[in-house]
Amino acid sequence: MPVDILDALNPSQRQAVTAIEGPVLIVAGPGSGKTRVIVHRIAYLVDTVGVSPHRICAVTFTNRAAREMRARLQALLGSRAEQLTCGTFHALCAAILRRDGEAIGLAHNYVIYDEEDQGTVIKQAMEEAKVDPRRFPPHAVHEAISAAKAQLLDVEGFRLRVGSYYDEVVLRVYERYQALLVAGQAVDFDDLLLKTFVLLRDHADVLEKYQGRYLHLLIDEFQDTNVAQYQIARQLAGKYRNICVVGDPDQSIYSWRHADLRNILSFQKDYADCRVVHLGENYRSTQTIVAAAQKVIATNRQRLENPLHTSKGQGAPIVAAEAYNEEEEANWVVRELDRLHRQERVPYSACAAMYRVNAQSRALEEACLRYGIPYHLVGALRFYHRKEVKDVVAYLRLVANPADEVSLLRVLNVPPRGIGQKTQDQLVRWARGQGVSALDALGRLSSDEQGAALIPSSGRAALLRFHAMVQELRQAAERLDVVALMDLLLERAGYRQWLLEETEDGQERWENITELRGTAEDFRRLGPQEGLAAFLEGVALVSDQDNAEADRDAMTLITLHQAKGLEFPAVFIVGLEEGLLPHSRSLDDPAQLEEERRLFYVGMTRAKERLYLLRAFRRRFRGSGMPGEPNTPSRFLRDIPSNLIAMPLGSGAPSLIASRRPRDEAAVTPATQAAPPPRPPLKTGDRVRHAKFGEGIVVSCTRSGGDHEVTVAFQGAGVKRLLYSLAPLEKVEMHP
DNA sequence: ATGTTTATTATTTTT
DNA sequence: TAATAAACAT
């Protein structure tokens with residue numbers, strides 16, 4: 001019902017939803033109901049205006065966001081939501097290329113290389129181009145190529161832009177790199193965009209097909225799009241010009257992924273008639289938090305004014321505190337969390353700790369473990385990055401696409417088959433000489449005596465056996481679905497047995513394979529060939545598995561980058577120190593410094609009710625012994641008006657953390673809550689009394705961090721592990 | 001061919 | 001610290 005769709009919206013939101021003709025730019029501050037607007041806009045288009053969902057394309061930045069959007073639309077539109085095109089730019093492009101890529105010479109069964117694969121190809125390319133990987137780190141060269149592709153510069157385009165010796169080196173590698181991808185019928189992430197752009201540019205019929213289909217185009221997180229993505233969007237919107245982009249320049253934090261803020265300016269220039277809607281009402285955070293965040297972001301020079309206001313109450317003051325080191329900092333967080341949980345009935349899941357670099361999660365994790373607080377670490381070890389998962393995927397890729405040399409070399413000797421580096425090198429060289437793929441070269445081994453002579457006889461038999469196995473799998477792939485194929489492969493390759501019997505943590509790793517098998521189940525219904533292709537595409541594009549235990553009441557540990565788009569009633573931002581938040585790598589560049597500030601802004605605006613800003617006086621860097629240099633408080637703290645900041649809990653003195661003299665160490669109030677606990681309070685054999693568990697005997701008492709972990713065998717309640725500082729423990733004197 | 005030791009080097013990471 | 005890669009030994 002149309003009334004419902006518009007009813008729950010404020011005037012500017014309503015404007016954003018109903019402005020359906022022509023180009024629209026929605027500037028949406030944090031917590032302003034951005035997702036809500038997008039979802040309602042689509043529902044409005046379908047329900048009220050009568051646009052077929054088939055003709056709407058919504059682009060998001062993560063698969064997670066796409067899934068969420070689809071789910072919310074399902075609630076509003078029911079099964080009609082299924083016809084909607086909704087996904088990331090990469091997924092959209094992958095689908096277009098799968099359908100029409102042949103027009104630009106892309107095999108229908110092309111593979112998508114992930115970062116690791118791309119790395120191997122780069123190294124190969126550097127070797128061929130005779131570039132010393134020690135002088136030119138492969139990662140940096142790849143980065144340069146990736147940046148070029150994001151600006152839509154292919155090899156020829158880049159050649160024209162070469163302006164330094166370094167560029168020239170990059171160019172040489174770029175040429176080889178691209179040739180290797182083509183030979184393997186493979187694309188990298190950047191190619192998905194670049195090749196789609198080229199396809200739409202050079203093939204009017206294909207362009208017409210997609211332009212004609214998409215009557216409405218919506219792009220979320222527009223501030224984080226790169227040039228290639230923007231240009232593709234322009235192509236798709238070329239016919240109807242109904243393009244709606246939503247973004248917030250102040251939350252642009254991915255310039256290092258080639259996001260280009262100038263896209264917003266370009267949009268206003270390219271679509272001079274575009275309507276601009278500002279969503280400035282924040283429905284998320286208290287006045288205190290909004291005001292502080294506004295002050296912080298207002299310090300940036302490169303900025304469009306975008307005032308934000310909230311109708312919420314003033315709320316609690318922001319708490320800023322200094323701990324002695326990262327361990328105490330983490331303890332402070334966890335103790336306060338525990339206090340919130342007990343005194344104010346705040347669930348753990350309402351709280352998040354955010355940090356600049358992943359390494360900071362460790363201290364927090366340890367503190368959680370120490371205090372028995374459940375936590376959920378976001379994005380730690382990614383499922384599809386695990387060796388065993390990648391191995392199986394490589395086998396499947398090889399079956400789907402025999403030209404994929406990277407995958408072949410990955411699994412050729414996994415499990416070990418006695419095919420060493422030397423044999424592999426020989427094989428590759430011979431294949432190159434013959435101008436065939438490595439797998440085809442294997443096929444020729446038995447008949448070609450000359451070629452065979454190049455391979456040591458010991459390896460030859462193993463190679464032939466491997467080839468026979470792959471051929472068998474390829475035949476089986478014609479009739480077996482993905483799951484059955486996977487099962488066959490695991491047996492024939494001896495992978496299962498090897499994993500379980502020969503490797504460390506074999507059991508655990510096998511379970512990961514089982515999980516992978518589980519995700520493949522969804523692709524069964526697509527039938528043999530289709531299912532395999534779709535599965536591989538999904539694996540390449542959906543690198544995050546957020547099937548994490550969402551039902552558990554646990555606090556969230558997350559990087560500031562990953563936190564974008566989320567919200568929590570209580571947020572702890574840790575590591576507010578010069579060199580960490582602003583990160584040392586951005587200190588010398590004003591533009592990067594502004595991005596660091598935006599990152600902090602993103603973090604602050606995740607908080608609904610409570611915001612804690614922590615820092616450590618000394619911080620150890622990657623285990624380098626003990627002390628760590630004294631830290632200077634982050635310059636960002638200076639931007640927060642002191643009347644919005646409370647003194648640290650438990651501290652008698654007023655906090656001068658937000659003072660204009662942050663270098664004045666004496667002015668900084670230490671967080672007394674994080675004070676070190678007493679000396680070893682108990683020893684094994686001591687008799688203690690606990691308020692709840694009654695009497696017991698100390699089994700052990702060990703230092704854990706700044707605290708003491710006491711294991712006690714209680715008479716009635718069994719063995720418990722307790723923290724001395726928290727548990728209501730009392731020593732019972734043995735004898736008079 | 002493969003296992004072991006030492007050297008090196010560290011942001012962020014939606015795809 | 002810890003992860004990875006190159007060098008080295010078996």
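Proteins come first, then strands; the chains are lettered A, B, ... in the order of their sequence lines, and each starts at number 1.
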Just the rounded figure in Å: distance from C1' of B:dT14 to OH of A:Tyr254. 5 Å

Ranking B:dT15, B:dT2, B:dT11 by distance to the side chain of A:Pro416, first place goes to B:dT2

Return the value, rounded to whole Å, for the distance between atom NE2 of A:His139 and atom C1' of C:dA3. 15 Å

If each of A:Leu192 and A:Gly420 is mapped to the nucleotide of DNA chain B with the nearest heavy atom, which maps nearer the 5' terminus, i.e. the 5' end? A:Gly420

Under 4.0 Å between a side-chain N or O of A:Thr559 and OP1 or OP2 of B:dT13? yes

Of all the nucleotides listed (B:dT14, B:dT12, B:dT2), which has the minimum atom distance to the side chain of A:Asn358? B:dT12

Which nucleotide, B:dT15, B:dT11, C:dA7, lies nearest any side-chain atom of A:Arg134? C:dA7

Minimum side-chain heavy-atom gap A:Val414-A:Trp498 below 4.5 Å: yes

Phosphate OP1/OP2 of C:dA5 contacted by A:Lys123 side-chain N/O (<4.0 Å): yes

Establish, with yes or no, whether the OP1 or OP2 oxygen of B:dT15 is under 4.0 angstrom from a side-chain nitrogen or oxygen of A:Thr62. no

Between A:Phe189 and B:dT15, do the rings stack, that is, sit under 5.5 Å apart with planes less than 30° off each other? yes

A:Arg356 has an atom CZ; how far is it from atom P of B:dA10, in whole Å? 16 Å

If only side-chain N and O atoms of A:Asn413 are considered, is one of them under 4.0 Å from the OP1 or OP2 phosphate oxygen of B:dT2? yes

Indicate yes or no: does A:Arg284 engage A:Glu567 in a salt bridge with an N to O separation below 4.0 Å. yes

Ion pair check, A:Glu594 and A:Arg303, cut-off under 4.0 Å: no

Identify whether the distance between the nearest side-chain nitrogen and carboxylate oxygen of A:Arg134 and A:Asp132 falls below 4.0 Å. no

If you go through the side-chain atoms of A:Arg257, does one of them form a donor-acceptor pair with the base of B:dT12 closer than 3.5 Å? no

Rounded to the nearest angstrom, tell me the gap between atom CG in A:Asp191 and atom C1' in B:dT15. 13 Å

Return no unless some side-chain N or O of A:Gln562 is found under 4.0 Å from OP1 or OP2 of B:dT13. yes

Would you call the rings of A:Tyr254 and A:Trp256 parallel, tilted or perpendicular, taking 30° and 60° as the class edges? tilted

Charged N-O contact under 4.0 Å between A:Glu116 and A:Arg410: yes

Assuming nearest nucleotide by heavy-atom distance, tell me which of A:Leu599 and A:His90 is located more 5' along DNA chain B. A:Leu599

From the options B:dT12, B:dT11, B:dT15, select the nucleotide whose nearest atom is closest to the side chain of A:His561. B:dT12

Contact summary for A:Ser252 and A:Arg598, nearest pair of heavy atoms: O-NE, 2.7 Å

Could you tell me how far apart A:Glu115 (CD) and B:dT14 (C1') are, to the nearest whole angstrom? 12 Å

Ring-plane angle category for A:His90 and A:Phe189, please: parallel below 30°, perpendicular beyond 60°, tilted otherwise. perpendicular

Atom CD of A:Glu116 to atom P of C:dA5: distance rounded to whole Å? 9 Å

Could you give the CG-to-C1' distance, from A:Leu593 to B:dT12, as a whole number of Å? 15 Å

A:Asn226 side chain near B:dT15 phosphate (N/O to OP1/OP2, under 4.0 Å): no

Check the distance between B:dT12's C1' and A:Glu143's CD and give it to me in whole angstrom. 12 Å

Taking Watson-Crick and G-U wobble pairs with both distances under 3.5 Å, convert DNA chain B into its dot-bracket string, 5' to 3', dots for unpaired and | for cross-strand pairs. ||||||||||.....

